[in-house]
Amino acid sequence: RRGNGMEVATAQRLAIAILGGGVFISVVNAILKRHISDDGIACCACGETPGPKEEVESPDKALMNLRQQQVSALREDVTRLERLLQNMLSLGSAAIAAPGDIAHVE
């Protein structure tokens, strides 16, 4: 007898029954769910070899494209604001020169 009150032979039979039951359940599970695809999970290629994959844009490339678009939009905004500032300066100097037509504006 062991210290926990169970005979060694009984403990061995119980362990064999539990492990055997687990193996049996695993086999039944594999049979019942054999229709589920394991594409991309296997560690080696078995059976059909996969065809050429579509080129997927990497997240880094997508991020770079997004940043390029943002930079282009900012450049356009800066150019528009610079033109607006130049127009405001020319209007302001024209308004100052208009009353007496004495000032020379370049």
Side-chain angles (χ1 to χ4, degrees):
R1 290 195 91 163
R2 301 281 308 207
N4 60 3
M6 186 181 290
E7 293 183 6
V8 175
T10 306
Q12 287 176 342
R13 281 192 295 262
L14 182 63
I16 288 171
I18 291 172
L19 293 175
V23 169
F24 177 73
I25 290 173
S26 177
V27 169
V28 169
N29 191 31
I31 291 171
L32 292 177
K33 297 190 178 193
R34 65 181 177 268
H35 65 280
I36 298 175
S37 174
D38 63 350
D39 291 341
I41 298 174
C43 61
C44 60
C46 300
E48 296 179 12
T49 56
K53 293 183 178 179
E54 296 178 15
E55 190 170 322
V56 178
E57 190 172 301
S58 68
D60 293 335
K61 192 177 249 187
L63 183 61
M64 287 301 294
N65 287 339
L66 181 62
R67 285 185 180 168
Q68 287 290 50
Q69 291 173 355
Q70 290 174 343
V71 166
S72 298
L74 284 173
R75 284 187 179 143
E76 290 174 9
D77 288 344
V78 168
T79 303
R80 185 176 48 83
L81 289 172
E82 286 175 344
R83 280 196 316 254
L84 180 63
L85 181 62
Q86 290 297 325
N87 289 340
M88 288 172 57
L89 290 176
S90 65
L91 285 177
S93 61
I96 293 172
D101 288 345
I102 301 173
H104 177 64
V105 179
E106 291 182 16

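A quick note: this is a predicted structure, and the numbers were derived from the prediction, not measured.
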Considering only distance and modelled atom types, tabulate donor-acceptor pairs under 3.5 Å from the side chains of residues 71-81, sequence neighbours left out.
residue: S72; atom: OG; partner: Q68; partner atom: O; Å: 3.0
residue: T79; atom: OG1; partner: R75; partner atom: O; Å: 2.8

Which ILVMFWY residues can you reach from [X] by hopping between side chains whose heavy atoms are under 4.5 Å apart?
{"X": "L85", "value": "L89"}
{"X": "M64", "value": "none"}
{"X": "F24", "value": "V28, L32"}

In Å and rounded to the nearest 0.5 Å, what is the CG to CE distance from L84 to M88?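 Atom-to-atom, L84:CG and M88:CE are 6.0 Å apart.
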
Side chain to side chain contact (heavy atoms under 4.5 Å, CB included) against I18, all qualifying residues, sequence neighbours excluded: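 With neighbours one apart ignored, the set is L14.
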
